[in-house]
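All values reported here derive from a predicted model rather than from experimental measurement. In the text below, chain A, chain B and the rest are named by the order of the sequence lines, each starting its count at 1.
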Amino acid sequence: MKFSKTYEPNQYEPDVYALWEKSGAFKPSDDPKKDPYTIVMPPPNANGNLHIGHGLTIALEDILTRYYRLKGKDAWYVPGADHAGFETWVVYERKLEAEGKTRFDYSRDDLYNQVWSFVHEQRGNMELQLRALGASCDWDSLTFTLDPKVIDTVYSTFQKLWKDKLIYRGEKLVNYCTKHQTAFADIEVTHKEEQGKLWQIAYPLVNPVNDITEVVVSTTRPETLFGDTAVAVNPNDKRYEALVGSLVELPLTDRQIPIIADEHADMEFGTGVVKITPAHDYDDFEVGQRHNLEKITVIGNDGKMTKETGFNYEGLTVEQARTKALEALKTQGLLRGEENITHSVGHCYKCGTTIEPLLKEQWFVNVEPLAKRAIEVLKAGKIKFHPANKKQVLIHYLENIKDWNISRQIPWGIPIPAFQNVDDPTDWIFDTRVKETEITVNGKTYKRDNDTFDTWFSSGQWPYITTSEHPNHFPTSVMETGADLLFQWVGRMIMLSLYITDDIPFKDVYMHGMVLDEKGQKMSKSKGNVINPIEIVSKYGSDALRLGLIASRSAGVNQAFSTSKVMASRNLCNKVWNISRLVQDIVDNNPTDNDEVEIRNLGEDWICEQINQTNKQLGKLMENYRFAEAGDLIYDLIWNKYADWFVETEKLWKNTNLLKSTLEQLLKMLHPFAPFVTETIWQTLSWTDGMLIKESWPELYEYDQDKADQYTELTEIITNIRSHYQNIPGANNYPIAFHDDPLMYDNQLLIQHLTKSPCVPKINAEDAAGLHLAIHNHNIYIQIPKNIHDKYKANLEDHILKMGQEIITLEKRLESPNYVTKAPKELVEETRRTLADKKALLEKAKAELELI
RNA sequence: GGGCGGUUAGCUCAGUUGGCUAGAGCGCGUCUUUGACGUAGACGAGGUCAUAGGUUCGAAUCCUAUACCGCCCACCA
């Protein structure tokens with residue numbers, strides 16, 4: 001294979017990926033001598049397409065995996081596919097709707113089978129896309145969230161929780177979406193501030209007490225009045241003391257309900273009297289429990305009024321019932337006023353329908369004991385968080401956690417393995433024969449619970465399920481996922497893992513922020529601003545997407561996608577490609593008969609120093625998950641150091657073996673960040689064997705520090721000369737002269753080459769003429785005639801002024817006795833040295849100005 | 001109501017225990033077809049680090065307050 005002029009990613013990426021996959025490079029070795037390094041991929045939706053957020057996820061996880069693989073760890077990146085219970089169900093239900101059907105036209109088992117085939121028709125897309133992104137994951141270990149091993153574990157966990165009395169079936173209020181007809185966990189509800197109205201409604205007393213004939217309640221939900229079973233006042237409220245125990249007429253009905261005393265009633269709010277609707281309000285439910293009140297459901301699963309509301313209202317929507325009730329109350333003179341208020345209303349995160357708190361019998365996990373252990377572990381610092389503050393946020397959440405409703409009323413999910421005695425509704429048993437709708441146990445008939453598990457109940461067990469066949473890979477090394485999943489997923493994984501395995505699920509947590517569109521707005525289909533990662537890949541290459549995504553992005557922070565960063569990254573790939581092309585060319589034209597790597601010139605010591613520094617620095621950055629800085633660092637090494645200086649220098653020296661060796665090191669260090677281009681180069685270079693992905697991380701070079709420093713000095717001299725050549729028109733036609741300067745003498749050719757000077761002669765002190773450059777302690781002259789000094793003179797004056805200011809600053813610092821006594825000695829010393837240097841330079845420059 | 005984050009160059013953002021002249025990419029200006037790369041090379045311009053105080057020898061960095069912008073959590077009917 002030969003190097004083309006520009007790197008065309010599409011031409012190589014699929015083949016390179018296939019090569020890796022075929023070679024088994026993604027598989028863990030399970031070599032006991034190697035440290036395991038494990039990342040479990042947050043499973044993408046099996047039947048969906050990847051979005052740009054997945055691009056970031058894969059980039060981060062794969063960078064880590066490849067880095068530690070090169071570092072010699074037994075790296076294992078475990079892919080997954082999510083049945084995405086609710087998400088997929090919503091898509092499928094829409095399809096049913098388009099066909100004029102509803103879920104009620106089929107049995108649960110039918111629906112499950114239908115969705116199963118639907119998902120499997122779509123499946124595979126996502127997996128191809130993961131390959132396009134370069135994910136070096138072990139495909140043989142892919143787990144689908146409905147695989148038997150997942151279901152088995154979920155069932156045994158459920159059973160254990162049940163046995164430990166941490167699971168209970170309870171009739172409680174649940175967050176219910178009346179469109180999707182399913183319940184949600186608290187954290188799945190989206191709360192929005194909304195403009196609403198607060199109505200005052202009079203409830204007449206059955207028997208007036210003293211002069212009081214009625215109480216007035218305030219409500220934002222008058223239609224729930226049909227479900228009222230009490231009105232409450234605060235026990236300390238003197239105004240209503242005498243009324244407690246009396247009955248009021250419930251308007252629009254023929255019922256009478258009691259006035260009770262409960263702390264829940266806020267004396268400051270409105271009239272201090274509150275209606276109690278235990279079946280439709282969380283607080284009222286609690287009040288109802290305390291006072292043993294009846295719970296009357298007046299809104300059904302379909303969001304319509306139930307028959308409890310009487311035939312005038314039955315079948316109306318909530319909105320209709322509200323309007324109608326208000327009219328009726330007005331007619332009866334019981335509506336006492338209305339005001340505008342802003343309040344927070346829960347919505348379905350998928351369709352935006354207002355969430356109704358409805359009374360349901362569901363399975364709940366008593367999470368408090370689980371949370372307690374998680375808190376202990378977190379407080380003990382057993383799991384490190386990036387960003388660090390997420391740990392505190394999670395602890396705070398866990399400290400206030402409420403029971404977790406794990407029942408969902410959608411057919412697409414893991415069936416709950418529980419059966420109810422048909423003759424005794426309180427008799428529930430655990431049984432995994434979920435394919436049967438009815439079973440017989442001990443002569444009794446049991447009916448299946450038709451609900452399925454909340455997806456997060458299974459996902460929450462993901463780390464130990466997916467690693468079960470390579471147990472030495474658990475606990476996993478790091479859980480990398482979106483910051484929005486802190487409670488929903490990360491918290492639950494920690495709790496369930498401690499409960500089931502007695503161990504943490506992962507040692508580190510890294511949370512990334514959202515990828516926003518270029519304007520910094522959240523991407524959404526409805527806004528039409530969604531960026532498809534695969535399109536970016538085909539346009540700029542997979543490596544460019546990866547590098548572009550990690551650039552300037554820090555943990556937990558939402559950040560805009562930047563095409564310019566992707567382009568800069570593509571350019572880097574092209575740069576490395578062309579560096580390799582040139583090195584290959586030099587190698588071809590300057591063959592060697594051995595592999596000995598020798599350092600023969602200052603620039604070679606210098607590049608070894610630079611590579612070593614980057615190598616060490618990268619290690620630190622990777623340990624701390626500082627991807628953006630790591631990317632910058634390697635970019636800087638390749639572009640600003642290797643290409644701009646070392647390669648230019650080697651055009652003269654052509655140290656073949658060192659060029660080979662240093663290029664290999666560069667490729668290895670860049671590989672985690674840009675796997676495709678580096679592997680493609682590796683496959684193209686004439687002297688490399690095998691595959692880059694299987695190589696090991698480079699060792700440090702041995703080099704001469706003094707020589708490296710001398711080269712650094714040379715780069716400064718050269719830059720300075722170039723600057724003068726550029727700034728003084730015509731100056732570049734004149735030689736650079738020096739006298740009594742070994743560094744210049746030894747590097748005449750190099751300086752000439754890099755400055756494109758006509759020549760670099762050594763002269764005698766008495767012949768010194770032209771511009772005297774004040775660079776360190778060198779005596780360098782650009783031999784230009786006096787008549788083109790003018791421009792330089794202005795520059796020099798400027799320079800002198802600036803130096804003068806710097807000197808004043810330094811002097812002030814040193815004059816302060818506090819600085820001299822309190823600051824570290826080395827720092828003070830350094831300041832002194834700098835000051836001395838600056839002063840010397842200033843004198844030189846001044847003298848020079850005299851000459852002009 | 002509680003909590004968390006942000007404010008640094010024209011734009012998007014880095015800046016990890018306080019310490020060289022505050023950095024990058026893009027953009028901008030001038031120059032350059034040098035034996036790989038114009039997806040390039042060379043040189044350069046551009047910042048009172050939101051504001052006001054404080055701590056310190058020294059603050060973009062720590063503390064306090066203010067302003068503006070985000071996000072999360074919460075049952076105020």
Pair partner, [N] [Watson-Crick or wobble, under 3.5 Å]:
N: B:C28; value: B:G44
N: B:A67; value: B:U7
N: B:U16; value: none
N: B:U55; value: none
N: B:C49; value: none

State whether a side-chain donor-acceptor pair under 3.5 Å links A:Tyr725 with A:Asn720.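 Short answer, no.
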
Answer yes if the side chains of A:Thr277 and A:Lys275 hold a donor-acceptor pair under 3.5 Å, and no otherwise.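 Judged by distance alone, the side chains do pair up.
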
Once you apply a heavy-atom cut-off of 4.0 Å, does [X] come out as touching a base, just sugar-phosphate, or nothing?
X: A:Val393; answer: nothing
X: A:His753; answer: nothing
X: A:Ser554; answer: sugar-phosphate
X: A:Arg570; answer: base
X: A:Thr719; answer: sugar-phosphate
X: A:Asn389; answer: sugar-phosphate
X: A:Ala568; answer: sugar-phosphate
X: A:Ala265; answer: base
X: A:Asp644; answer: sugar-phosphate
X: A:Lys620; answer: nothing
X: A:Trp199; answer: nothing

Among [options], the one nearest [X] by side-chain distance:
X: A:Asn578; options: B:G19, B:A36, B:A77; value: B:A36
X: A:Asp266; options: B:A36, B:A77, B:G19; value: B:A77
X: A:Asn571; options: B:G25, B:A40, B:C43; value: B:A40
X: A:Ser552; options: B:A77, B:C13, B:G15; value: B:C13
X: A:Glu629; options: B:A77, B:A36, B:G15; value: B:G15

Determine the Euclidean distance between corresponding [atom1] atoms of [M] and [N]; express it in Å to zero decimal places.
N: B:A60; M: B:G19; atom1: C1'; answer: 13 Å
N: B:U17; M: B:G53; atom1: P; answer: 26 Å
N: B:A40; M: B:G46; atom1: P; answer: 25 Å
N: B:U61; M: B:A9; atom1: P; answer: 15 Å
N: B:A52; M: B:A67; atom1: P; answer: 15 Å
N: B:U16; M: B:U55; atom1: P; answer: 24 Å
N: B:U7; M: B:U66; atom1: C1'; answer: 13 Å
N: B:G6; M: B:A50; atom1: P; answer: 12 Å

Look at the side chain of [X] and the base of [N], then say whether one donor and one acceptor between them are separated by less than 3.5 Å.
X: A:Lys565; N: B:U12; result: yes
X: A:Gln726; N: B:U30; result: yes
X: A:Glu648; N: B:A36; result: yes
X: A:Lys402; N: B:A74; result: no
X: A:Lys575; N: B:G41; result: no

OP1 or OP2 of [N] versus the side-chain N and O atoms of [X]: is any pair under 4.0 Å?
X: A:Trp639; N: B:G41; result: yes
X: A:Arg722; N: B:G41; result: no
X: A:Thr219; N: B:A77; result: no
X: A:Lys522; N: B:C71; result: no
X: A:Ser723; N: B:G44; result: yes

Has A:Arg492 got its NZ or CZ under 6.0 Å from the middle of the six-membered ring of A:Trp404, at an angle within 45 degrees of the ring axis?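 Output yes; distance and angle both within limits.
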
For the residue pair A:Phe646 and A:Tyr642, categorise the inter-ring angle as parallel (less than 30°), tilted (30 to 60°) or perpendicular (more than 60°).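 Correct class here is tilted.
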
What closest approach, in Å, do A:Arg553 and A:Ala560 show between heavy atoms, and which atom pair accounts for it?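 Closest approach of A:Arg553 to A:Ala560: NH2-O, 3.5 Å.
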
Please give, in whole Å, the distance from B:C71 P to A:Lys192 NZ?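 Rounded to the whole Å, the gap is 13 Å.
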
Whole angstrom is fine here: how far is it from NE2 in A:His512 over to C1' in B:C71?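 Taking atom C1' of B:C71 as the reference, NE2 of A:His512 is at 16 Å.
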
Between the side chains of [Y] and [X], is the shortest nitrogen-to-carboxylate-oxygen separation below 4.0 Å, so that they form an ion pair?
X: A:Lys620; Y: A:Glu623; answer: no
X: A:Lys402; Y: A:Asp186; answer: no
X: A:Asp237; Y: A:Arg239; answer: yes

